[in-house]
Amino acid sequence: MTDKKYKIDNTWKELLNTNQVDAVETVDGPVLVVAGAGSGKTRVLTYRYAHLVQKHNIDMDSILAITFTKKAAGEMKDRISELLSLSSPPVWVTTFHSACARILRKHISRIGFNNSFSIYDSQDSVRLVSNCLKELDMDTKQYPPKRIHSQISMWKNKLILPGEVIDEASSFYETKIAEVYVKYEQKLILANSLDFDDLLIKTVELFNTDEDALLFWSKKFKYIMVDEYQDTNFPQYKIIELLSREHKNICVVGDSDQSIYAFRGADIRNIDEFDKDFSNAKTIVLDRNYRSTQKILDAANSVISINKNRKSKNLWTDRTDGPEINSIKFNNENDETQWIINEINNNFNNENYGEIAIFYRMNSQSRIIQEALTREKISYKVIGDVRFYERKEIKDIIAYLTLIANPDNEIAFERVINVPRRGIGNVTIQKLKSLALNLNMPISRLIYKIDDIDELSERVKKQLTNFQEILVGIKSESIDGPAKAIKSMLEITHYEEMLKQEVDYESRWENVQSLITGASEFEIDVERDELDTGDPYSLLTAYLENLSLFAATDELENENKIILMTLHNAKGLEFETVFITGMEENIFPHELSLDDVEEERRLCYVGMTRAKERLYLTHSWSRSSWGGTFYNPPSRFLEEAKGFITDIDKTDYSQFDDSGEENSNYGIGKSVTHEVYGRGVVIEVDGSEISVDFGSEIGVKHFDTEWAPIEYE
DNA sequence: TGTCCTGAATTTTTT
DNA sequence: ATTCAGGACA
């Protein structure tokens with residue numbers, strides 16, 4: 001969609017319908033915009049923003065525009081920048097979490113934290129839970145850290161404190177988890193760190209306890225807009241309620257049919273009760289769909305209408321023409337993927353790949369699609385794929401930087417104290433841990449006091465001193481910013497030499513190089529006036545925050561690449577052609593979500609309504625995962641769309657058969673073909689274990705020749 | 001302290 | 001199918 005530049009001369013009104021214009025022009029007081037799928041919600045929000053700036057002369061620093069995902073925030077920034085011809089995007093068009101991070105960077109000291117706090121991502125948080133369990137002598141089998149963490153997160157989102165949980169625990173199990181919660185909170189404080197939930201909760205706490213801070217921020221933001229309001233949770237509701245107290249110019253936009261985040265505490269109540277929470281609220285309904293054909297709307301409506309307790313909406317469009325929606329059945333996921341690629345090749349070329357999106361329920365489903373696209377040399381982009389930042393080499397480097405910015409970060413410390421190997425083993429770490437526990441100080445602080453610790457051998461003390469010197473060395477160069485910090489970390493720790501020992505050294509080193517590139521770009525882009533000038537490491541801190549809250553891979557540019565993403569990530573976007581894959585029971589709806597199928601159904605509705613022209617729903621008779629093969633019946637959502645979709649049977653479309661051949665003569669340098677990865681070269685043989693290099697895009701994979709689907713050429 | 005081996009876990013969705 | 005953590009052993 002190309003928006004014309006916003007001009008004050010009212011020509012912009014020609015692009016909008018009456019209700020949309022109303023939503024743009026109603027700037028004062030509470031406004032609820034009920035915006036159905038494809039009703040031009042983003043356009044309304046961006047024009048409203050432009051209108052505030054141009055017509056009402058509102059400073060951009062006084063407008064807070066909140067979206068849910070990093071991707072949505074990026075989209076909105078781009079479109080506003082285009083409308084207003086800005087050279088750099090407005091700072092306060094952002095996600096809840098990063099808005100809160102920014103607020104807390106300024107004022108968190110007022111509630112007893114240090115402004116240089118670290119942000120723990122989910123991985124870090126789960127690790128911290130794991131540490132708590134160990135300290136409490138609890139079995140991680142009986143108490144899986146991941147599940148415990150999500151329970152803790154649920155409590156936190158309801159603003160229930162550890163003490164209250166302890167008091168009200170009704171079972172032994174609950175008491176035990178409550179104890180973990182207590183410890184977890186203590187450890188976070190000790191580590192001067194916040195988890196994702198804390199970013200919201202501490203902001204609420206700040207506003208509730210510090211009148212000045214609340215006044216500062218609620219006076220600052222004269223206008224507040226919140227997108228995807230149906231997905232706000234309780235702390236988020238609190239934050240906007242508090243922030244809008246002063247000016248009361250709060251505009252929320254949402255659609256309860258598209259609420260898909262209940263699993264992380266989103267509460268539809270927030271949007272349903274908006275007019276009770278904010279008195280004299282005006283409601284504007286956008287029910288004209290500009291995106292999809294009637295066929296697509298009919299099918300989507302048919303599915304969503306199954307949900308009970310739903311305020312029914314009447315979305316309409318004048319696009320009565322359009323191709324059929326096909327529901328296609330395959331033998332297995334390889335055929336499914338291959339057929340999709342052929343269909344793409346028949347209808348598209350590299351000029352218009354950008355119009356295609358492939359959706360799936362969970363990220364793991366994307367692997368096979370990526371591999372097939374790579375093999376076919378079709379350019380694609382995976383959205384929301386955080387794996388880059390989860391790679392070991394990247395996490396290691398980030399951990400060093402984190403430790404510079406916040407020496408109290410326990411998780412980062414444990415990660416790198418012996419990476420690269422420097423002879424500090426588990427025994428030493430355990431000693432340091434129990435010592436730290438006794439002294440109630442972060443383990444990372446201890447290394448500055450090693451001379452006072454008698455339990456350690458001279459050799460270990462020397463190694464610890466060495467580690468401390470490494471940190472000091474990196475720190476002195478980190479003032480120049482993250483890129484320099486990374487380079488000096490690599491140099492001082494001889495990290496590359498360690499990587500050279502790995503079989504896939506080259507692709508790992510490439511990752512390191514792109515991390516440095518990203519850091520340099522960040523240094524150019526960053527809003528320097530937003531930084532805390534009192535802190536010499538604020539540039540580094542900002543970079544780290546950017547990493548944990550905005551992955552660089554998340555920008556959705558017009559690159560003419562096929563877009564791959566989860567259904568959750570698809571919200572708010574639109575494409576000419578959409579494939580929704582894996583339409584099978586237990587996949588979608590996912591087997592772990594069967595207790596809330598209505599939410600899965602909304603997710604299906606969101607996915608279907610992304611399509612403008614052409615929608616494909618595909619499913620497989622069999623699918624392999626966990627090294628086994630599973631047979632799931634077609635998704636119930638296909639049945640629910642019956643009458644509006646056309647079934648096609650492609651189970652005779654056999655591109656892949658299962659004839660496995662035994663091979664015995666593997667040797668270094670031989671070419672092999674892998675069923676999934678394609679051609680590669682054997683680079684190492686060790687008994688029945690071989691390593692195969694599939695080139696720079698796929699990298700080196702390790703197989704057991706007894707099992708791997710490999711053939712000699 | 002480091003290495004090798006075995007067995008278990010992995011896969012829900014996002015910040 | 002692949003990776004990872006923990007335990008035994010060098």
Side-chain angles (χ1 to χ4, degrees), chain A residues 66-73 94-101 119-125 130 134 140-141 144-146 150 153 157 194-200 228 231-233 235-236 259-266 359-368 383-386 392 418 421-430 457 459-460 463 545 547-551 554 565-571 582 586-596 599-600 602-603 606-607 623-630 674-677 686-687 689 701-704 706-710:
Chain A
I66 293 194
T67 62
F68 247 80
T69 61
K70 311 171 269 187
K71 182 164 45 55
T94 182
T95 62
F96 263 109
H97 290 265
S98 54
C100 287
I119 299 168
Y120 277 11
D121 63 19
S122 331
Q123 227 185 6
D124 297 337
S125 303
S130 205
K134 274 173 206 149
T140 49
K141 299 253 157 44
K146 241 178 144 172
S150 82
S153 174
N157 280 321
L194 304 188
D195 65 15
F196 282 149
D197 300 320
D198 284 334
L199 291 172
L200 307 173
E228 309 285 10
D231 282 326
T232 45
N233 62 19
Q236 288 163 336
S259 159
I260 54 175
Y261 286 108
F263 73 92
R264 68 170 209 217
F359 300 156
Y360 33 81
R361 177 62 175 80
M362 48 191 168
N363 279 309
S364 59
Q365 288 169 261
S366 81
R367 215 192 64 183
I368 184 170
I383 302 296
D385 185 15
V386 282
K392 183 186 174 303
N418 201 30
R421 294 257 155 76
R422 54 176 73 87
I424 303 173
N426 222 300
V427 178
T428 306
I429 294 170
Q430 289 312 318
S457 70
R459 196 178 57 82
V460 168
Q463 296 296 353
E545 179 176 308
L547 279 188
S548 43
L549 297 174
F550 304 78
D554 268 345
M565 65 176 104
T566 63
L567 287 151
H568 281 86
N569 258 315
K571 193 163 63 167
N586 300 320
I587 304 284
F588 188 35
H590 196 274
E591 56 185 331
L592 299 180
S593 302
L594 293 176
D595 56 340
D596 191 1
E599 176 149 312
E600 295 283 294
R602 290 192 291 267
L603 190 56
V606 167
R623 185 174 293 274
S624 8
S625 53
W626 297 281
T629 304
F630 296 82
H674 186 276
E675 186 180 294
V676 176
Y677 300 125
D686 180 13
E689 293 252 325
K701 302 277 173 181
H702 311 282
F703 302 102
D704 187 323
E706 302 239 345
W707 301 99
I710 291 181

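Chain letters run A, B, ... following the sequence lines, proteins first and then strands; every chain starts at 1. Hydrogens, waters and symmetry mates play no part in the numbers below; they use all other heavy atoms, side chains included. Predicted, not measured: the structure shown is a model, and the values here were computed from it.
Taking atom CG of residue Asp231(A) and atom P of nucleotide dT13(B), one finds them 16 Å apart after rounding to whole Å. Atom NZ of Lys146(A) and atom C1' of dA5(C) are 15 Å apart (whole Å). For the pair Gln123(A) CD and dT3(C) C1', the interatomic distance rounds to 14 Å; values are reported in whole Å. For Asn157(A) and dT13(B), the CG to P distance is 18 Å, given to the nearest whole Å. Atom CD1 of Ile587(A) and atom P of dT11(B) are 14 Å apart (whole Å). Rounded to whole Å, the distance from CZ on Phe68(A) to P on dT13(B) is 18 Å. In this structure, Arg361(A) atom CZ and dT14(B) atom P are separated by 9 Å, rounded to whole Å. Tyr261(A) places its OH atom 6 Å from the P atom of dT15(B), with the value rounded to the nearest Å.
Using a 4.0 Å heavy-atom cutoff across all strands shown, Phe96(A) reaches no nucleic acid atom at all. Contacts of Arg459(A) with the nucleic acid, taken as non-hydrogen atoms under 4.0 Å apart, involve only primed sugar atoms and P, OP1 or OP2. Residue contacts shown for Thr566(A) are limited to sugar-phosphate atoms, with no base heavy atom under 4.0 Å away. No engagement by Lys571(A) is indicated, since no non-hydrogen atom pair under 4.0 Å with the nucleic acid exists.
With both ends at atom C1', the span from dC4(C) to dT11(B) equals 16 Å, rounded to whole Å.
Take the nearest nucleotide of DNA chain B for Arg421(A) and for His590(A): the residue whose nucleotide is more 5' is Arg421(A). Position along DNA chain B of the nearest nucleotide to Val427(A) versus Glu600(A) favours Val427(A) as the more 5'-ward residue.
Among the candidates Arg361(A), Met362(A), Arg367(A), the single residue satisfying the side-chain contact (heavy atoms from CB on, under 4.5 Å) test with Ser364(A) is Met362(A).
For dT15(B), its base sits under 3.5 Å from the side chain of Ser122(A) at one donor and acceptor pair at least.
We find that the ring of Phe263(A) and the base of dT13(B) stack, their centres lying under 5.5 angstrom apart and their planes tilted less than 30°.
Annotation: side chain of Thr67(A) is not in contact with side chain of Glu228(A) (no heavy-atom distance under 4.5 Å). In this structure, Ile119(A) and Leu199(A) have side chains that are in contact, with non-hydrogen atoms separated by less than 4.5 Å. Contact check for Leu603(A) versus Phe588(A): side-chain heavy atoms found under the 4.5 Å cut-off.
The nucleotide whose nearest atom lies closest to any side-chain atom of Met362(A) is, among dT15(B), dT1(B), dT11(B), dT11(B). Closest to the Asn363(A) side chain, of the nucleotides dT14(B), dT1(B), dT15(B), is dT14(B). Considering only side-chain atoms of Ser364(A), the nucleotide from dT11(B), dT3(B), dT1(B) that sits closest is dT11(B). Taking the side chain of Val460(A) as heavy atoms from C-beta on, and the options dT13(B), dT1(B), dT15(B), the nearest nucleotide is dT1(B). Considering only side-chain atoms of Asn418(A), the nucleotide from dT13(B), dG2(B), dT15(B) that sits closest is dG2(B).
Aromatic ring centres of His590(A) and Phe263(A): separated by at least 6.0 Å.
Expressed to the nearest 0.5 Å, how far OH of Tyr360(A) lies from OG1 of Thr566(A) amounts to 6.5 Å.
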